[in-house]
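A short write-up of the structure that comes next.
Treat the numbers as computed from the prediction; the structure is a model and nothing was measured.
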Amino acid sequence: MNMDLETAAMLRDSAARYAADNYGFLQRHAVLGEATGYSARAWRDYAELGWLALRLPETHGGLDADPLAVGALMEVVGSRLLMEPVLASAIVGTGLVVKLGSEAQQAALFPGLADGSLRLAFADAEPADSPCRVRGGRLSGRKISVLHGDVADRLIVSALDDAHGGRRLYLVDPAAGETEITRYRLVDGRGAANLHFAGAPAEPLGADAAAVEAALAEVLDEAAVAACAEALGAVRVLVATTCDYLKIRKQFGRAVGTNQALQHRAVDMFLLQEEVAALTLAAQQALGRPAAERARVVSGAKAYICNAARHVANEAVQMHGGLGVTEELDVSHYFRRLMVNAALFGSRDEHFARYLAAGRNGAAGGMHA
């Protein structure tokens, strides 16, 4: 579905209204105390609203959404700090199944993805001393820092294929045995997991190695751009919250916002917000281009947005004074979310190196979470 800016804004507004009514800061605080780390009720609501079917083909009841639609939703995820596995499952995991799944795999997985009964997580990062390998349909090795791997019903795992050579993707059912899961919370409260496979049954996702690499590179770029949109949502809230605070916080009988130095800093924050918005839109529009062109724009945007968002978050914390680092103030939660997002799907340094390489030779290098 090709979406214009006006329609994307309508989707964003609709999602924002739901989140405003059902996912305020105090409501989110209650979610942080859930054993699963997210709200099962909210996840069901997302399914009913069609968010989980955003990337599914129209032939399977989905919206076949373009990057603008995905970005509109992810802005709300960032502005409300939603804890559910929207990025891990509805964007990344679903995207991989759409691009690489066989007809049988899609028929088995799509209904559960749409109604929320099936959650996916993508496991790619691994320690150098224990890479994942598949021999005879069995997966061995370790994966680390798998976002929402703690609650995933199916895992999509990258691994070396000894039989055919090269790297492939595999579907793994963590409940099928031979999978040890170490669950923990990230600094922003979202769930993650380290995985140890000891001969776990692995089902290939995609047959051709070249097609797998191309689809994986495309989905990871889409994930990086979705993370940019999420950062934009968080940045907008931090700028607005900080400007409001400067108007009401008084010192020596007058609002601290009358201080010219603080006014200049607030203006700088707003300018960075607009730059983040412009670069996010440019990256969304670049996703339809050839791989080399896409790589340069996406990585340039992600590298810059990591820096810009961090600067905005630092300024928001500092201008709130001691309150800025407290658990009771939402500013500290946005700060932590932006720090975690900066490390997902390629760090600032990785994307900056890829941006330079794409500029030199027009070729996109690999980029993995």
Side-chain angles (χ1 to χ4, degrees), residues 55-57 60 85 87-110 112-113 118-128 130-176 178-179 181 192-224 226-227 287 291 294-295 344-346 364-369:
R55 300 211 63 187
L56 294 178
H60 286 79
L87 179 59
S89 182
I91 306 303
V92 179
T94 299
L96 289 170
V97 175
V98 167
K99 294 179 187 298
L100 293 171
S102 65
E103 289 186 8
Q105 288 171 330
Q106 292 179 352
L109 298 176
F110 281 170
L113 292 173
L118 178 67
R119 297 155 298 183
L120 297 175
F122 175 52
D124 192 35
E126 59 190 19
S130 185
C132 280
R133 310 186 77 94
V134 171
R135 297 183 178 91
R138 297 280 175 168
L139 173 67
S140 299
R142 297 178 184 271
K143 293 292 183 181
I144 58 175
S145 302
V146 181
L147 181 64
H148 288 299
D150 58 325
V151 295
D153 302 296
R154 293 289 188 279
L155 299 164
I156 299 177
V157 185
S158 61
L160 296 173
D161 185 343
D162 284 355
H164 301 93
R167 188 178 61 156
R168 303 291 179 93
L169 296 182
Y170 296 87
L171 278 169
V172 177
D173 182 353
E178 311 303 334
T179 301
I181 305 175
N194 293 339
L195 309 170
H196 180 201
F197 303 103
E203 178 185 353
L205 184 67
D208 180 71
V212 169
E213 284 292 344
L216 180 56
E218 186 176 359
V219 169
L220 289 175
D221 278 346
E222 292 169 351
L287 287 175
R294 182 185 76 221
L344 296 177
F345 309 109
M367 181 63 58
H368 308 296

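Across every non-hydrogen atom of Ser89 and Leu120, the tightest pair is OG-N, 3.0 Å. Counting all heavy atoms, side chain and backbone alike, Ala121 lies closest to Ala152 at CB-CB, 3.6 Å. Minimum interatomic distance between Ile91 and Leu87 (heavy atoms only, all atoms of both residues): CB-O, 3.4 Å. The two residues Pro131 and Ala128 have their closest heavy-atom pair at CD-O, 3.7 Å.
When atom types are taken as modelled, the side chain of Gln105 and the backbone of Ser102 share a donor-acceptor pair closer than 3.5 angstrom. Side chain of Arg55 to main chain of Thr94: no donor-acceptor pair is present (N/O by atom type, distance under 3.5 Å, no hydrogens or angles). Remark: the backbone N or O of Gly199 is not paired with any side-chain donor or acceptor of Glu178 at under 3.5 angstrom.
A heavy-atom distance below 4.5 Å is found between the side chains of Thr179 and Val172. Here the side chains of Ser158 and Tyr170 are not in contact, with every heavy-atom distance at 4.5 Å or above. Between Arg168 and Glu213 the shortest side-chain heavy-atom distance does not fall below 4.5 Å. In this structure the side chain of Leu160 never reaches within 4.5 angstrom of the side chain of Val134, judged on heavy atoms. Taking 4.5 Å as the limit, some side-chain heavy atom of Ile144 sits within range of a side-chain heavy atom of Pro127. Put simply, the side chain of Val212 reaches to within 4.5 Å of the side chain of Leu100, judged on heavy atoms. Residues Leu147 and Phe122 have side chains not in contact (no heavy-atom distance under 4.5 Å, counting atoms from C-beta outward). When side chains are defined from C-beta on, Val157 counts as touching Phe197, because their heavy atoms get closer than 4.5 Å.
For the atom pair CG of Leu195 and CD1 of Ile181, the computed distance is 6.0 Å after rounding to the nearest 0.5 Å. Here Leu205 contributes atom CG and Leu171 contributes atom CG; the two are 5.0 Å apart, rounded to the nearest 0.5 Å. Here OG of Ser145 is found 11.5 Å from CG of Asp124. Values are rounded to the nearest 0.5 Å.
With respect to the salt-bridge test (charged N to carboxylate O, under 4.0 angstrom), the residues Arg294 and Glu222 do not qualify.
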Query raised in the report: Stepwise, does the side-chain contact (heavy atoms from CB on, under 4.5 Å) test hold for Leu216 with Lys99?
Result: CA-CA 9 Å; Leu216 180 56; Lys99 294 179 187 298; over 6 Å; no
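The stretch residues 148-164 participates, sequence neighbours left out, in these salt bridge (charged side-chain N to carboxylate O under 4.0 Å, His left out) pairs: Arg119-Asp153, Arg133-Asp162, Arg135-Asp162, Arg154-Asp173. The salt bridge (charged side-chain N to carboxylate O under 4.0 Å, His left out) pairs that include a residue from residues 137-147 are Glu126-Lys143, where partners are two or more places apart or lie in different chains.
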